[in-house]
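Working notes, beginning with the structure itself.
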Amino acid sequence: MSSFDPAALECLAAIVEEGGFERAAQRLNVTQSAVSQRLRALEAQVGSVLIVRSRPLKPTTAGQLLLKHTKQLRLLRADLERDLQELAPSAPGGAREDERISIAINADSIATWALEALHDLVRQRLPVEIIVDDQDFTQEWLRSGQVLGCVTTLKQALRGCKVVPLGAMHYVAVASPALAARYLPHGLTPHNFRDVPFLSFNRKDDMQAEFVMRAFGLKRVALHHLFVPSSEGQVRAATAGWGAGVVPELLVRSALADGSLVDLAPGHSLPIQLYWHCWNLESEVLDALSEALTRTAARMLAV
């Protein structure tokens with residue numbers, strides 16, 4: 001098997017992660033010409049194009065394989081760093097900034113429980129990079145080798161990965177008291193859900209339609225959407241009367257208790273089962289990540 005230059009592999013990763021040659025050069029503190037030369041040398045060694053020069057830049061299939069290999073090397077170095085710190089706690093530690101441990105997590109988990117789960121690891125100087133995407137799509141980052149783990153709704157383990165159930169996040173429909181009194185005085189029903197706009201994260205987000213369909217036994221619904229690409233932003237928008245939100249109960253528990261938001265469909269919630277997927281490798285760092293996420297999820301999410 002060919003031995004690949006670690007600097008060239010990190011160069012490939014920097015181009016993909018930073019989205020271009022110029023930013024990759026800035027991150028690696030080399031010239032843009034040096035970045036191009038390293039990539040060409042790696043492509044010559046592999047015998048295949050590794051980057052599709054499009055907007056945005058994308059790795060080819062061969063590029064994805066080398067990207068995954070690069071991140072596995074980062075994981076090995078992070079494991080070594082932890083072991084060395086245990087042997088010599090006073091020695092300077094911390095991986096290089098460009099050797100980030102990347103994981104993909106959905107925005108609602110970030111807003112509710114995931115940051116708490118990662119807190120101790122970050123304090124131990126683990127260079128975590130969180131990539132945010134919809135919970136139905138985070139596994140694509142893992143499948144392409146761009147992250148080493150993800151929180152997702154996918155139950156079946158991906159090839160070369162292991163999966164652990166985390167529990168269910170329950171979503172409820174909420175709105176400001178003023179909006180509810182004006183448009184939905186009797187709460188959300190099968191006959192009035194079209195009277196208000198629903199706050200959505202982006203065009204991938206189908207949580208609102210799923211909630212309405214399950215709550216009222218409907219096969220298909222058409223909703224009016226306002227797009228607010230932030231979990232906390234959706235709560236603020238709902239509180240301000242922009243529209244109805246279908247949000248994690250964890251995120252609005254206090255707002256429901258103090259009356260700044262009202263539950264539009266008492267007794268109805270949408271449970272979304274979440275799973276942690278990660279590479280099936282022997283790694284102390286990976287084990288620590290998995291243990292931290294599953295322990296916190298067990299405490300904060302429903303079974």
Side-chain angles (χ1 to χ4, degrees), residues 4 6-20 23-24 26-28 50-51 56-61 63-82 94-111 113-152 154 157-164 166 274-294 296-297:
F4 298 107
L9 291 173
E10 283 296 338
C11 181
L12 170 65
I15 294 169
V16 175
E17 292 168 350
E18 299 296 336
R23 289 177 60 86
Q26 292 173 356
R27 184 171 113 181
L28 298 175
L50 300 176
I51 295 288
L57 294 174
K58 294 181 180 180
T60 63
T61 301
Q64 289 179 357
L65 289 174
L66 286 183
L67 187 61
K68 181 177 181 179
H69 175 66
T70 304
K71 291 183 179 292
Q72 289 174 342
L73 291 176
R74 288 180 184 175
L75 192 58
L76 290 173
R77 288 192 288 269
D79 282 336
L80 177 61
E81 182 73 30
R82 285 171 64 92
R96 299 202 321 258
E97 188 275 337
D98 59 317
E99 295 192 352
R100 289 167 276 189
I101 303 301
S102 303
I103 56 178
I105 305 179
N106 60 309
D108 289 336
S109 289
I110 293 172
W113 64 274
L115 294 188
E116 180 177 334
L118 298 171
H119 179 69
D120 287 343
L121 292 175
V122 171
R123 291 193 64 185
Q124 294 167 22
R125 302 183 68 183
L126 185 70
V128 174
E129 176 185 18
I130 301 175
I131 293 173
V132 62
D133 205 342
D134 186 275
Q135 62 268 8
D136 293 335
F137 297 90
T138 47
Q139 69 269 11
E140 296 305 321
W141 291 86
L142 182 60
R143 198 189 308 273
S144 66
Q146 297 187 68
V147 300
L148 59 83
C150 68
V151 174
T152 178
L154 183 68
L158 298 175
R159 181 181 177 184
C161 297
K162 54 187 175 182
V163 58
V164 179
L166 295 173
L274 296 176
Y275 301 87
W276 166 247
H277 293 247
C278 64
W279 294 339
N280 191 16
L281 300 173
E282 290 187 12
S283 164
E284 291 183 5
V285 168
L286 206 51
D287 289 345
L289 271 171
S290 298
E291 197 276 334
L293 290 166
T294 53
T296 303

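Keep in mind that what you see is a predicted model, and the values were worked out from it rather than measured.
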Those residues that, when tested against Glu140, pass side-chain hydrogen bond (donor to acceptor under 3.5 Å, both in side chains) (two or more places apart):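 Scan of Glu140 (side-chain hydrogen bond (donor to acceptor under 3.5 Å, both in side chains), adjacent residues dropped) gives Arg143.
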Sequence neighbours left out, what passes side-chain hydrogen bond (donor to acceptor under 3.5 Å, both in side chains) with Ser290? Give chain and number order. Trp276
Going through the distances and angles, do Leu115 and Ile130 end up as a side-chain contact (heavy atoms from CB on, under 4.5 Å)? CA-CA 10 Å; Leu115 294 188; Ile130 301 175; 3.8 Å; yes
Please report the interatomic distance [atom1]([X]) to [atom2]([Y]), rounded to the nearest 0.5 Å.
X      : Y      : atom1 : atom2 : value
Leu12  : Glu17  : CG    : CD    : 9.0 Å
Gln72  : Leu9   : CD    : CG    : 11.5 Å
Leu75  : Thr70  : CG    : OG1   : 12.5 Å
Asp108 : Leu274 : CG    : CG    : 9.0 Å
Ile51  : Leu66  : CD1   : CG    : 10.0 Å
Ser283 : Ile101 : OG    : CD1   : 7.5 Å

Please enumerate all residues that pass salt bridge (charged side-chain N to carboxylate O under 4.0 Å, His left out) together with Lys68, with sequence neighbours excluded. none
Quick one: does any side-chain atom of [X] pair with a main-chain N or O of [Y] as donor and acceptor, under 3.5 Å?
X      : Y      : result
Asn280 : Gly160 : no
His69  : Phe4   : no
Thr152 : Gln135 : yes
Thr296 : Leu293 : no
Lys71  : Val147 : no
Asp133 : Thr138 : no

Please find the pair of heavy atoms, one from [X] and one from [Y], that lie closest to each other, and give the distance.
X      : Y      : result
His277 : Leu142 : CB-CD2, 3.5 Å
Val163 : Ala157 : CG1-CB, 3.7 Å
Arg27  : Ala14  : NH2-CA, 3.7 Å
Val151 : Ser109 : CG1-OG, 4.1 Å
Leu166 : Ala297 : O-CB, 3.5 Å
Trp279 : Lys162 : O-CE, 3.9 Å

Candidate pair Glu18 and Gln26, rule side-chain contact (heavy atoms from CB on, under 4.5 Å), full reasoning: CA-CA 10 Å; Glu18 299 296 336; Gln26 292 173 356; over 6 Å; no
Quick one, Glu10 with Arg74, criterion salt bridge (Lys or Arg N to Asp or Glu O under 4.0 Å). Give me CA distance, side-chain angles, the key distance, then yes/no. CA-CA 9 Å; Glu10 283 296 338; Arg74 288 180 184 175; 2.9 Å; yes
Can Ile103 and Leu148 be said to form a side-chain contact (heavy atoms from CB on, under 4.5 Å), step by step? CA-CA 6 Å; Ile103 56 178; Leu148 59 83; 4.0 Å; yes
Could you please spell out the steps behind the side-chain contact (heavy atoms from CB on, under 4.5 Å) verdict for Gln139 and Leu158? CA-CA 8 Å; Gln139 69 269 11; Leu158 298 175; 4.1 Å; yes
